[in-house]
Participant: 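Here you go, one structure.
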Amino acid sequence: MALAAAAQPQATWLERQHDFGVFMEQDGKVTCQMRLVNTGNAPLLVVKAQAGCGCTGITYPEQPIEPGDTASVSISYNPSGRPGQFSKEVLIFTNTVPKRTLLEITGNVIPTAATLDKQYPLQAGSLRISQQSIPFGELTKGQNKTLYLSAYNASTDTMLVKVTGAKPHIRPALVPDTVPPAKVTALTVHYLTGHAPLWGLNTDTLTLSCEPLHQPSAVQTGTADVHVMAQVLESFDRLTDEQRKHAPVVGVDCDDHIDFGTMAAGETVTRSFTVTNKGKDLLAIRRLWVPESAGIGISADRMEVKRGKSATVTITVNTALIDGELLNVPLTLMCNDPDKPRQTIRLVGIIDRQ
């Protein structure tokens, strides 16, 4: 009876954790083996196994494991539709004391191309980028703002990521710039409007590139452009009542549009209008611009207009450089009139291409 009471199975696990590392979602299911030895003096039985979700499969020996013998529990993970890092626990129940053993599998799944296209549509080789532009919106002169986008290492090697295109008003940084497989870096852009070269819309380009650190064949090198945009405006919030009384007042001698009429194909046509300062202080024309500048030239004989004086703005349209048969382009006039800092004048006309 004493011998029977002393006869007990004992499960000694050789592995309780397994890391699958980084692997591709498209490669499908991965499987590992975790071994146990019956170091007791009676047959050991695996009674049941329990996983936390359906993505994890378990196969275990159903026959008794004799004293001194080794057996394996097979654990698989299905990455389909489950990109990213994972950590899954499995409970194994045996006829031993204690009855339960906790096993763990971990890994990191690189998404399929279809999944990456949704989350990171812009591609620079094996580097996938979340967006192609960083719109800062409207910023007042002197205001600073920081935005960021994320980039994902879709390779199985660590890559070095670089950014070029910094300017006095745009300061980019990558944190981190060394990115392990299936990890993310952030491109942070600090915008300093005090150094912006233009009033109104400023558009700049940053270029991202990547290169492998260890395995050249594991990383596709490449570059991608990210566009940085901001509307730099003048703030008049701090003007006193007295300053507003003396502020410049802009006036133009045209309606809300300038009609170029019917123009022959290949013809160059010129129109002009005047900008008058109806206020007291100096009127500064900050910028004259059109979003579609090809074929349209704009110039002013002066950018600063004294009280009661005028500036002449000349617009030249080269129809040979304009697509289509209709001209319909907004011209934006920006100035330091606190009540009318921006106004739009449409340039319209018909191009006869017959």
Participant: Show, in sequence, the C-alpha distance, side-chain angles and deciding distance for Arg346 and Asn328, and conclude whether the side chain to side chain donor-acceptor pair (under 3.5 Å) test is met.
Facilitator: CA-CA 7 Å; Arg346 297 205 74 84; Asn328 189 356; 2.7 Å; yes
Participant: Answer yes when Arg35 and Glu15 have at least one side-chain N-carboxylate O distance shorter than 4.0 Å, and no when they do not.
Facilitator: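 Between Glu15 and Arg35 there is a salt bridge, with a charged N closer than 4.0 Å to a carboxylate O.
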Participant: Is there a donor in the side chain of Thr140 and an acceptor in the side chain of Ser235, or the other way round, less than 3.5 Å apart?
Facilitator: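 No, because no side-chain N or O of Thr140 sits under 3.5 Å from a partner of the opposite role on Ser235.
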Participant: So if you build clusters from Ile, Leu, Val, Met, Phe, Trp, Tyr with side-chain heavy-atom gaps below 4.5 Å, do Phe23 and Val179 land together?
Facilitator: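 Unlinked, Phe23 and Val179 end up in two clusters.
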Participant: Taking side chain as C-beta onward, heavy atoms only, is His246 less than 4.5 Å from Arg307?
Facilitator: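 They are not in contact (no side-chain heavy atoms under 4.5 Å apart), so the answer is no.
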Participant: Hydrogens and angles aside, do Asn78 and Ser80 bring a side-chain donor and acceptor to less than 3.5 Å of each other?
Facilitator: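 Judged by distance alone, the side chains do not pair up.
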Participant: From Leu149 CG over to Thr188 OG1, what is the distance, rounded to the nearest 0.5 angstrom?
Facilitator: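 Rounded to the nearest 0.5 Å, the CG-OG1 separation comes to 8.5 Å.
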Participant: What I want to check is whether the side chains of Thr262 and Asp352 have a donor and an acceptor closer together than 3.5 Å.
Facilitator: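 There is no such pair (donor and acceptor under 3.5 Å, judged by atom type) between the side chains of Thr262 and Asp352.
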Participant: Measure the OG1-CG distance between Thr94 and Leu45 for me, rounded to the nearest 0.5 Å.
Facilitator: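 Nearest 0.5 Å value for the OG1-CG distance: 9.0 Å.
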Participant: Ring centroid separation for Tyr77 and Phe20, is it under 6.0 angstrom?
Facilitator: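 They do not qualify: ring centres at least 6.0 Å apart.
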Participant: Find out if a path of hydrophobic residues (ILVMFWY) with successive side-chain heavy-atom gaps under 4.5 Å connects Val329 to Ile298.
Facilitator: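 Yes, one cluster joins them.
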Participant: Drop me the distance from Leu233's CG to Thr193's OG1, to the nearest 0.5 angstrom.
Facilitator: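 Separation between the atoms: 10.0 Å.
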Participant: Is any side-chain heavy atom of Arg342 closer than 4.5 Å to one of Arg287?
Facilitator: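 Side chain of Arg287 against side chain of Arg342, heavy atoms only: no contact under 4.5 Å found.
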Participant: So does Ile75 get a backbone contact from the side chain of Thr31, meaning a donor-acceptor N/O pair under 3.5 Å?
Facilitator: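 No; zero donor-acceptor contacts below 3.5 Å.
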Participant: So, taking the atom named SG in Cys210 and the one named CD in Gln123, what distance separates them when rounded to the nearest 0.5 Å?
Facilitator: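 Here the rounded value is 9.0 Å.
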Participant: Does the ring of Phe93 carry Lys48 above it, NZ/CZ under 6.0 angstrom from centre and within 45° of its axis?
Facilitator: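 Yes, Lys48 sits over the ring of Phe93.
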Participant: Using the disulfide bond (SG atoms under 2.5 Å apart) criterion, which residues pair with Cys55? Sequence neighbours excluded.
Facilitator: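 With sequence neighbours excluded, Cys55 shows a disulfide bond (SG atoms under 2.5 Å apart) to Cys53, given in chain and number order.
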Participant: List in chain and number order the residues that pass ring-ring contact (aromatic ring centres under 6.0 Å, His included) with Phe273, two or more places apart in sequence or in another chain; answer none if no residue qualifies.
Facilitator: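 For Phe273, no residue satisfies ring-ring contact (aromatic ring centres under 6.0 Å, His included) once neighbours in sequence are set aside.
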Participant: Using modelled atom types and a 3.5 Å cut-off, is there a donor and acceptor pairing between side-chain atoms of Ser126 and backbone atoms of Ser155?
Facilitator: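 No; zero donor-acceptor contacts below 3.5 Å.
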Participant: Side chains of Ser133 and Met229: does their closest heavy-atom pair fall under 4.5 Å?
Facilitator: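 They are in contact (side-chain heavy atoms under 4.5 Å apart), so the answer is yes.
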Participant: Do Glu104 and Ser87 pair up side chain to side chain, a donor and an acceptor below 3.5 Å, judged on atom types alone?
Facilitator: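 The answer is yes; a qualifying pair exists.
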Participant: If you define the side chain from C-beta out and look only at heavy atoms, does anything of Ile296 sit under 4.5 Å from Thr316?
Facilitator: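 The answer is no; the side chains never approach within 4.5 Å.
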Participant: Do Trp199 and Val305 sit in the same hydrophobic cluster, where Ile, Leu, Val, Met, Phe, Trp and Tyr count as joined when their side-chain heavy atoms come under 4.5 Å apart?
Facilitator: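 No, separate clusters.
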Participant: Same cluster or not: Met334 versus Leu283, using hydrophobic residues (I, L, V, M, F, W, Y) connected whenever any side-chain heavy atoms lie under 4.5 Å apart?
Facilitator: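 Cluster IDs for Met334 and Leu283 differ.
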Participant: Does any N or O in the side chain of Lys141 come within less than 3.5 Å of the main-chain N or O of Ala196, such that one atom is a donor and the other an acceptor?
Facilitator: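 Flag set: sc Lys141 to bb Ala196 pair under 3.5 Å.
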Participant: Is there a side-chain contact between Asn336 and Pro248 (heavy atoms, below 4.5 Å)?
Facilitator: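 Side chain of Asn336 against side chain of Pro248, heavy atoms only: contact under 4.5 Å found.
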Participant: Determine, for Glu234 against Lys340, whether the closest basic-nitrogen to carboxylate-oxygen distance falls under 4.0 angstrom.
Facilitator: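 Looking at Lys340 together with Glu234, the answer is no, because their closest N to O distance does not fall below 4.0 Å.
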Participant: Write down the atom of Asp337, the atom of Val249, and the distance for their closest heavy-atom approach.
Facilitator: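 Looking at all heavy atoms of both residues, the closest pair is OD2-CA, 3.5 Å.
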Participant: So, does Asp225 use its side chain to make a donor-acceptor pair with the main chain of Thr207 at under 3.5 Å?
Facilitator: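 No: the side chain of Asp225 does not pair with the backbone of Thr207.
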Participant: Do any N or O atoms from the side chain of Asp253 and from the backbone of Thr274 form a donor-acceptor pair under 3.5 angstrom?
Facilitator: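 Yes: the side chain of Asp253 pairs with the backbone of Thr274.
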Participant: Would a 4.5 Å heavy-atom cut-off, applied to side chains only, mark Tyr120 and Val184 as touching?
Facilitator: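 Yes, side chains in contact.
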Participant: Quick one: pull up CG in Asp301 and OG1 in Thr314 and give me the separation to the nearest 0.5 Å.
Facilitator: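 Reported to 0.5 Å precision, the distance equals 7.0 Å.
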Participant: For the residue pair Leu174 and Val161, establish whether any side-chain heavy-atom pair is separated by less than 4.5 Å.
Facilitator: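 Leu174 reaches Val161 side chain to side chain.
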Participant: Same hydrophobic cluster for Ile65 and Val73, using side-chain heavy-atom links shorter than 4.5 Å among ILVMFWY?
Facilitator: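 Yes; tracing contacts between hydrophobic side chains, which count when under 4.5 Å, links both residues.
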Participant: Can you check whether Val317 reaches Met263 side chain to side chain, under 4.5 Å on heavy atoms?
Facilitator: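 Sidechains of Met263 and Val317: in contact.
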Participant: Does one side chain, of Thr39 or Thr12, offer a donor that lies under 3.5 Å from an acceptor on the other?
Facilitator: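 The answer is yes; a qualifying pair exists.
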